[in-house]
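Have a look at the structure below, then the notes.
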Amino acid sequence: AMKAQRFGLVLADAALPPAEVLEQVRGVPLVVVSDEHHDALVTAWLEAGAFDFVTRPSFLVLGSVVAKVRRQREFEARQQASTAALLSLAKSRTLRGTELDDAFREILEAGARIGDTAVAGVWGFDRPAGVLRNLAQYDRRTGTWSHGMTLKFSDFPVYFRALEDQQQIVANDAYRDPRTSELSHKYLEPKAVGALLDTGVRIAGELKGILCLERAAPAAAWTPDGVM
C-alpha cells in the first residue's frame, strides 16, 4: 500500500477494480476519473471508499476536489486537537474519584460546542456485566442531562469490535456506516441522532470508555465546512 504521508491525493481510472485500488491507496484520498457518468459505477466506487468521482474532462471540478481534500485534512487536524484536549481533561479529572459530576459537566459542555453537536456523552466499559454504561450525557437541544443507559456488547458486536480496533469512529451517516448501523433501532432513532464521533479513552493501553459526540438526524456530516 502507498504511504499516506507521501501522497495528498490519488487519481484512478474507473475501469480499474475498486477493491484492489483502494487496498493500494489505503489512507490516501482517492478520486475516481471516468469518461462517462453512470450512477451504478459512481455508487460502487463511493460505497467502496472513494473520496470523490469526476468525469473527464473536468479540470475545474478536479480543482474543487483538491480544495475539498485540503479542507478535510485541516478539519481532521482541528478535530483531533479538539478531541485530544477533551480526552486529556477526561483522564485528568475523572481519575481523581472526586467531583465527578462537575468533571463530566465540564467535559460534555465543552464537547457540545464542537461543530453542530447535539448530544455529548461519556460512556464507561463495564466488562463483567458485558455493557457500555452511560456515565453522563448532555443534550444541547434541550439543555438536559441523563445517565444510566446501557448498551450490551452482545447486541452490537460489530460496533464494539470497531471501538476496540480503532482510536476513533467518524460515522457521517451512522445509519449506513457498517460500524454503527447496528445502533439504528435501539439508539440512533430513539435519540434522533444521525452522525457519531466516538473517541476511545484508554488507560495503560486498555479501552476504558468513550467520549461520544452526536449530531441530530437528518445529520450534516462531520466535515470541515460544518465545524465552527
Contact between [X] and [Y] at the side-chain level, heavy atoms closer than 4.5 Å - yes or no?
| X | Y | answer |
| --- | --- | --- |
| Cys212 | Leu197 | no |
| Val119 | Gln137 | yes |
| Trp123 | Leu211 | no |
| Leu207 | Leu163 | yes |
| Leu183 | Leu151 | yes |

With no hydrogens and no angle check, is any side-chain donor or acceptor of [X] less than 3.5 Å from a backbone partner on [Y]?
| X | Y | answer |
| --- | --- | --- |
| Arg140 | Thr117 | yes |
| Glu182 | Val158 | yes |
| Arg179 | Val170 | yes |

Just jot down the side-chain hydrogen bond (donor to acceptor under 3.5 Å, both in side chains) partners of [X], sequence neighbours excluded, or say none.
| X | answer |
| --- | --- |
| Thr144 | Thr142 |
| Glu47 | Arg176 |
| Asn134 | none |

About how many Å separate [atom2] of [Y] and [atom1] of [X], when rounded to the nearest 0.5 Å?
| X | Y | atom1 | atom2 | value |
| --- | --- | --- | --- | --- |
| Glu214 | Arg141 | CD | CZ | 8.0 Å |
| Tyr175 | Ser181 | OH | OG | 11.5 Å |
| Leu213 | Leu196 | CG | CG | 9.5 Å |
| Leu135 | His147 | CG | NE2 | 9.5 Å |
| Tyr187 | Thr180 | OH | OG1 | 12.0 Å |
| Phe153 | Tyr159 | CZ | OH | 11.0 Å |

Can you sort out the partners of Asp155 under salt bridge (charged side-chain N to carboxylate O under 4.0 Å, His left out), two or more places apart, ordered by chain and number?
->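 In terms of salt bridge (charged side-chain N to carboxylate O under 4.0 Å, His left out), with neighbours along the sequence ignored, Asp155 is linked to Lys186.
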Could you name each residue pair satisfying salt bridge (charged side-chain N to carboxylate O under 4.0 Å, His left out) that touches residues 123-133, not counting sequence neighbours?
->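 Sorted pair list: Asp126-Arg133, Arg127-Glu164, Arg127-Glu206.
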Ring pair (Phe, Tyr, Trp, His ring centres under 6.0 Å) involving Phe156 - partner list, sequence neighbours excluded =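 Partners of Phe156 under the ring pair (Phe, Tyr, Trp, His ring centres under 6.0 Å) test: none.
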Closest non-hydrogen atom pair between Leu108 and Trp145, with its separation |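 In terms of heavy atoms, the two residues are closest at CD1-CZ3, 3.6 Å.
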